[in-house]
Protein chains: 2
Amino acid sequence: MTTPLVTILDDEPEIRQMLTEVLEDAGFRTQSFSRAREFEAALKHVTPDVCLVDLSLPDSDGLALVHRLALEQGAIVIIISGRAQVQDRVTGLELGADDYITKPFDPAEVVARIRARLRSTRSAPQAGNTAQFNGWVAHFDRYMLEDMSGVETPFSHAESEVLRLFLDRPKRLISRAQMQESLGGAAGESFDRAMDVRISRLRTKLREDPKNPRLIKTIYGAGYIFLGDVVWS
Amino acid sequence: MTTPLVTILDDEPEIRQMLTEVLEDAGFRTQSFSRAREFEAALKHVTPDVCLVDLSLPDSDGLALVHRLALEQGAIVIIISGRAQVQDRVTGLELGADDYITKPFDPAEVVARIRARLRSTRSAPQAGNTAQFNGWVAHFDRYMLEDMSGVETPFSHAESEVLRLFLDRPKRLISRAQMQESLGGAAGESFDRAMDVRISRLRTKLREDPKNPRLIKTIYGAGYIFLGDVVWS
DNA sequence: TCCCAAACCTTGCGAATTGTTACAAAGGAC
DNA sequence: GTCCTTTGTAACAATTCGCAAGGTTTGGGA
C-alpha cells in the first residue's frame, strides 16, 4: 500500500528481468508479464499504480490496451517501445499514455520518469480528512456526509472504510479481493455478502439510483469502480 | 482556466517563435521569455499552468529555477534541453521536472506531452471516455449508450469490452483470434460462441437490422469490421 | 447487573449478467 | 443441386450481485 506497484508487460525476458531488478532496488513492488492476456487476467485481482507496456506485443494490439488501461484502470501508463517515430509517440500519448520511452533505454531514466509521474498528484495516499466529490463533502473526522445544500447525514465506521477506499482511488477498478484485504475482512467466507451490504448502504446514503448508479459502479465479475472527481483537503 | 497558459523560457528566438506558434495553434495561451530574470518577474503577476524551460540559460542556474517552479508555483515543468545525457535527464526529473525533452525536438511531440501532463493533473474533465459514431454516443464512464434523440440505454461491462475494441480500430478488420486475446478470452474452445453472443447482444442494443447490419459487419471466415466514423472526446 | 440501541454481520432469495448449448440460417466449394 | 463449415440467436444454466429481514455483537447508561 505504501510502496507503489509497478507492472511490466514485455515479451523479452531480459528486459523484464532488468526492469524488475532496477525497480525493486528503487523500492517498488513489481509484477511482470510476457503476454497481454496474462496481464489482463491479473488485472482482475490487482490494481497497479504504474503500468509499463511494450507496444510490440505478439498477442495484442498494444494501443488499444493502453487506451483501456488509462481509462478504466486509471493507472499511470508508460509505453516502452522500439518504435521511435514521432508519430508513434504522439498517438501513444494521445491515446492516454502518460509517458513514452523508446528502446534502448537507460534503467535510471525509467525510474526517474516513474517517480516524476507518481509525484504529480494522484498516487499520494491521502492524509486529509475531508473530501469533496460531485456535490458531496465527506467529513471523516466527524463521520458526516454533507449534502450539496448543507444537510448532513452521519455514516458509520464500516461505511467510512469503504468510502475512504473509494475516495483514495477514484476511477480505478477495485476488486473484491482487494476490498476484503483492505477492510480487514477475514479470508473468503461469506464475507463478500457483507461487503455487498456495506456498499448497498453506502449507496443509499449517497442517494444513488439503484437501477443506474452514477458514483459507485459495479463491474460484474471484477469489482467496483468509483466515478467521481475527488478533491481532498 | 479554460485555456491553459504555457510559458516558454528559451534564449534562442527561433525556438521561442516556433513554440509559440505551434502551441497557439494547439489552443494554448502562451508567454515567452528569453531571460530567467524577466521570467521570474512575470511570475509575480501570472500563474502559468505549464512552464517550458531551457536549461542552458546564460543568466541563471536552470535546475534551481526548475526546483523552485515545481515546489512553489505548483506548475507543470517541462525541461527542454540540448543536454541529452541520461544523467542530466535523471537529475532534471528528480529535481521536480515533470518531463524532459531533448533538442532537437518535434513540435507535435511537445504538444502531445503537454496535453498528457495536463490530462493527468486535472482531475475534473474526464478526458475521453466518450465516443461518438453515426448518431450514437457511447459513455464508457457511465456505461450508457445515447441515442440520436438523447435516449439512453445501459450496456454491460462485457458489452463495453467489445464496443471499445471496435471503437479503437474502426474500419479495420478484427479477427476472432484478436478479439479473444483482447477480451481476456480464457483458453476455452467454445469461447468463440460466447463471442458471437456478445456481439449479437451488442448489435441489438445498437438496433442493427440483422439482415443488413450497418455498423458491425461480419466478414465470413475472417472476423468483424466496424464501419462508423468514430470521434473520441 | 440488566436493558436498550446502534452497528454490523449472516441468511436467503430474487434479479442481473454472462457463458453454454442447440439448432437454424447463411456462405462457400464442388 | 449436395455437403460441410461458419455464424446468429433463442433458450437455458451458472455465476454473481443487491438487498430486505433477522440475528449477533458492542458499548453505554441507569
Side-chain angles (χ1 to χ4, degrees), chain A residues 40-41 44-45 142-145 153-163 173-180 182-226, chain B residues 142-145 153-163 165 173-180 183-226:
Chain A
E40 303 215 40
K44 303 229 155 176
H45 306 293
R142 285 185 286 135
Y143 287 79
M144 279 292 185
L145 198 50
T153 318
F155 56 86
S156 72
H157 182 68
E159 283 155 1
S160 86
E161 286 187 317
V162 181
L163 185 56
L173 179 78
I174 301 175
S175 72
R176 276 164 170 272
Q178 225 173 325
M179 270 200 179
Q180 272 184 209
S182 265
L183 305 186
E189 313 110 36
S190 63
F191 181 70
D192 40 334
R193 231 89 296 277
M195 264 203 17
D196 291 346
V197 178
R198 283 194 185 189
I199 287 176
S200 169
R201 286 207 252 270
L202 186 56
R203 272 179 171 150
T204 68
K205 292 212 175 166
L206 288 171
R207 299 189 205 135
E208 292 267 74
D209 175 12
K211 289 293 180 190
N212 181 25
R214 303 195 153 239
L215 285 171
I216 302 175
K217 199 77 192 170
T218 304
I219 310 294
Y220 189 98
Y224 297 92
I225 194 168
F226 183 84
Chain B
R142 286 183 290 135
Y143 289 81
M144 280 291 186
L145 200 50
T153 318
F155 57 86
S156 72
H157 184 67
E159 282 154 3
S160 86
E161 288 187 316
V162 181
L163 183 57
L165 187 62
L173 177 76
I174 301 175
S175 73
R176 275 165 172 272
Q178 221 171 330
M179 269 196 185
Q180 276 184 211
L183 304 187
E189 309 75 22
S190 65
F191 181 71
D192 44 333
R193 230 87 287 281
M195 181 91 264
D196 292 343
V197 177
R198 282 193 185 189
I199 288 176
S200 168
R201 286 177 181 145
L202 184 58
R203 271 176 171 154
T204 68
K205 293 216 173 164
L206 286 171
R207 301 190 204 132
E208 292 269 74
D209 175 12
K211 292 294 179 189
N212 181 27
R214 302 182 156 245
L215 286 171
I216 303 175
K217 255 199 111 174
T218 305
I219 309 296
Y220 188 95
Y224 296 91
I225 194 167
F226 183 84

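Quick caveat, the model's predicted, so the values are computed rather than measured.
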Next on the checklist: I'd like to compare against my own output: the B/S/- annotation of nucleotides 12-19 of chain D with a strict under-4.0 Å heavy-atom distance to protein.
Outcome noted: ---BBBBB
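- Annotation: ring pair (Phe, Tyr, Trp, His ring centres under 6.0 Å) contacts of B:Tyr220 (sequence neighbours excluded): none.
- Going from atom CD1 of B:Ile216 over to atom C1' of D:dT7 covers 14 Å, rounded to whole Å.
- For A:Thr153 and A:Arg207, the side-chain atoms include no donor-acceptor pair closer than 3.5 Å.
- The CZ atom of B:Phe155 sits 18 Å away from the P atom of C:dA16 (whole-angstrom rounding).
- C:dT18 atom P lies 13 Å from atom CG of B:Leu163, rounded to whole Å.
- Applying the ring pair (Phe, Tyr, Trp, His ring centres under 6.0 Å) rule to A:Phe155 yields the partners A:Phe140, A:Tyr143; only residues at least two apart in sequence or on another chain are considered.
- In this structure, CG of A:Leu202 is placed 12 Å from P of C:dC8, rounded to the nearest angstrom.
- A close approach under 4.0 Å does occur between a side-chain nitrogen or oxygen of B:Lys211 and OP1 or OP2 of C:dA26.
- B:Glu159 has its CD atom 10 Å from the P atom of C:dG19, to the nearest Å.
- As rounded to whole Å, 15 Å separates atom P of D:dG8 from atom CZ of B:Arg198.
- Of the candidates A:Arg176, A:Gln178, A:Lys217, A:Tyr224 forms a side-chain hydrogen bond (donor to acceptor under 3.5 Å, both in side chains) with just one, namely A:Arg176.
- Taken from OG1 in B:Thr218 to CD1 in B:Ile225, the straight-line distance is 11.0 Å, to the nearest 0.5 Å.
- Rounded to an integer number of Å, the gap from NZ of A:Lys205 to C1' of C:dC8 is 12 Å.
- Counting to the nearest Å, the P atom of C:dT17 and the OH atom of B:Tyr143 are 12 Å from each other.
- Summarising the geometry, atom CG belonging to B:Asp209 is positioned 10.5 Å from atom CZ belonging to B:Arg203; distances are rounded to the nearest 0.5 Å.
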